[in-house]
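As the structure lists them, so they are numbered: ligands from 1, and atoms in each ligand from 1.
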Amino acid sequence: MDYSTIVDVFDAMEATTKRTELTDLIVRLLKSTPRELIDKVVYLMLGRLRPEYEGIELGIADKMALRALAISSGLDMKRVEELYVKTGDIGDAAEEALSRRLQSVLFKDKLTVERVYSTLEKIAMLKGEGSQDAKIRYICNLLNDAEPREGKYILKIITSRLRLGVADYTILDALALAFTESKENREILERAYNLTSDLGLVARTIALDGLDAVKAIRIELFRPIRPMLAERVSSAEEALERMGGRCAAEYKLDGERLQIHKHGNNVKIFSRRLEDITSHYPDAINAIITCIKVDVIVEGEAVAINQDTQEYLPFQELMHRRRKYGIEEAMREYPIALHLFDTLYINGNECIDLPYVERRRMLEGLVKSSSDSIVSVVPMLIVSDAKSMEDYMFKAINEGCEGLMIKDLKSPYRAGARGYAWIKLKREYRSELADTLDLVIVGAFHGRGRRVGRYGALLLASYNREDDTFYTVCKVGTGFTDEELERFYSMLNPYMIKHRHARVNSKLDADVWFEPRIVIEVIASEITLSPLHTCAMNAIREGNGLALRFPKFTGRVRDDKSAEDATSVDEIISMYRRQLKVTRQVQASTEEDVGSVG
Ligand code: AMP
């Protein structure tokens with residue numbers, strides 16, 4: 001397959017501001033791709049070579065990429081660097097440099113997708129001494145045969161700057177349309193994706209072996225499963241009602257979610273975002289090997305603790321574990337407790353379709369923990385009245401938890417899905433929003449006064465899964481320290497794009513637009529109707545959306561969440577409804593008070 005074919009589509013994808021066009025472009029590309037190449041094209045479209053969990057990074061530094069560009073274009077390094085500064089984009093710099101190529105290469109071989117992919121694979125595998133030069137040689141080898149536009153995407157991919165911003169769900173839609181002619185089958189593809197976290201694998205299976213083969217895909221050890229997620233409600237009564245009057249209440253700990261795969265003494269740990277974080281938790285691995293004797297996939301929350309008092313510490317303490325070196329030291333200084341809350345696979349058998357009670361019983365049977373072990377099963381109580389649920393919640397909060405996770409006793413483990421089978425219950429919701437929201441940065445406004453040269457405010461959006469679109473919900477400019485503003489500037493820089501992203505719906509015209517990637521936590525005084533923001537537009541009132549009033553950054557960047565994990569439009573609608581209910585109740589009781597005084 002000619003590499004130029006996918007380059008044409010990438011160009012069109014970058015240019016479009018329409019979400020539907022994005023899907024159409026991908027469908028056409030998938031249809032014109034030879035079937036045995038389909039997984040590679042899917043990975044390239046995502047700017048990767050393999051599924052994310054394998055952690056294979058091209059990770060070429062800008063300097064090295066520019067050096068290869070200089071060699072291949074015949075321009076000197078200074079000139080190439082100037083082009084980069086002028087265009088502000090490494091891909092555009094490559095396109096310009098290659099179109100000014102001094103020596104014309106007479107015998108160019110046409111680039112194919114196969115060759116580009118296998119060369120990139122070789123680059124990713126090179127390690128250690130001498131690898132730098134070899135990498136540059138490989139890059140030049142591609143660039144020498146590349147048309148300027150082709151070179152643009154090679155440089156974008158190797159520096160991890162391909163920003164087509166296609167979501168996994170867009171690709172699933174496109175796969176269903178391309179290979180089954182119907183979006184209806186997306187659910188089947190989505191199930192397979194949720195169990196494997198590998199879009200390339202799903203694409204390859206549907207393209208080569210058809211829908212039945214996709215249906216037959218199962219959980220495998222060391223391939224992460226997309227996590228089940230929770231909805232939230234405002235009161236114990238509501239939680240109980242949704243659960244049909246009887247449910248499990250588990251402590252909700254504030255740490256890091258771990259998905260642990262164990263085969264004999266071989267253990268791997270994946271984060272909530274499915275990155276391989278095995279190296280962060282040698283202590284958890286040892287403890288798991290000691291207290292679970294069979295092959296399993298289990299999930300739990302790791303929490304930092306004060307070893308002297310056994311108290312839980314805020315999740316930030318776990319950040320010390322995110323390092324390459326000195327992990328032994330971090331382990332000693334920042335010990336953890338690991339509370340397991342689910343089991344998805346035991347000794348070759350999937351457990352996800354079993355009801356919660358069954359899985360919980362199996363989990364309790366699996367863990368042979370001693371009193372000095374850091375591993376235990378999360379505390380749980382079966383409740384059937386709101387008062388006991390609340391009492392248990394206060395107990396949990398007193399012990400340093402965030403609140404409770406309420407779980408449906410009959411529910412299977414719904415991989416990759418957010419729903420009411422799991423419900424977060426934090427503290428009582430008041431008319432002031434007590435809970436935080438996790439929102440995606442989609443744009444920014446230039447700062448004035450003290451903030452000149454930095455962003456003055458960020459444009460934040462919520463996510464709507466149905467149409468795979470981000471809808472704006474507020475501009476936030478408070479809660480940032482000067483250092484944080486600096487940090488945001490450099491953190492957002494790689495995601496800057498030339499126009500509003502095709503998956504972003506906004507009435508406001510930001511000064512700068514970003515690919516929706518970074519999620520931050522904000523708190524606000526309330527949710528109000530607003531004609532300026534597109535979140536829940538027309539859902540409550542014609543011509544109005546919902547917006548946050550007095551939003552404030554809490555200081556927490558949710559790098560454990562992907563943009564699609566952000567607070568959803570539906571959640572914001574129900575938070576708004578809940579707030580109305582509480583406000584009315586407060587009003588009614590004040591009126592009563594006033595009445596009785598009068
Ligand atoms: P949130 O991140 O606010 O959406 O809350 C969901 C997260 O709570 C999960 O992803 C887990 O990391 C965490 N969590 C803490 N305790 C539990 C529990 N008992 N069951 C499930 N998740 C839990």
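Taking the six-membered ring for Trp and the full ring otherwise, the centers of Y312 and H339 sit less than 6.0 Å from each other.
Listed by chain and number, E250, Y251, K252, L253, R257, R272, E301, F341, M405, K407, W422, K424, K426, R558, K561 each place a non-hydrogen atom less than 4.0 angstrom from ligand 1.
Residues Y251 and E399 have side chains that bring a donor and an acceptor to within less than 3.5 angstrom of each other. Side-chain contact check for Y413 and E299: at least one donor-acceptor pair (N or O, by modelled atom type) lies under 3.5 Å. Remark: the Y53 side chain and the D276 side chain contain no N/O donor-acceptor pair separated by less than 3.5 Å. Between Y495 and H501, the side chains place no donor N or O within less than 3.5 Å of an acceptor N or O (distance only, hydrogens not considered).
Atoms CZ and CG, on F470 and N505 in that order, are 12.0 Å from each other to the nearest 0.5 Å.
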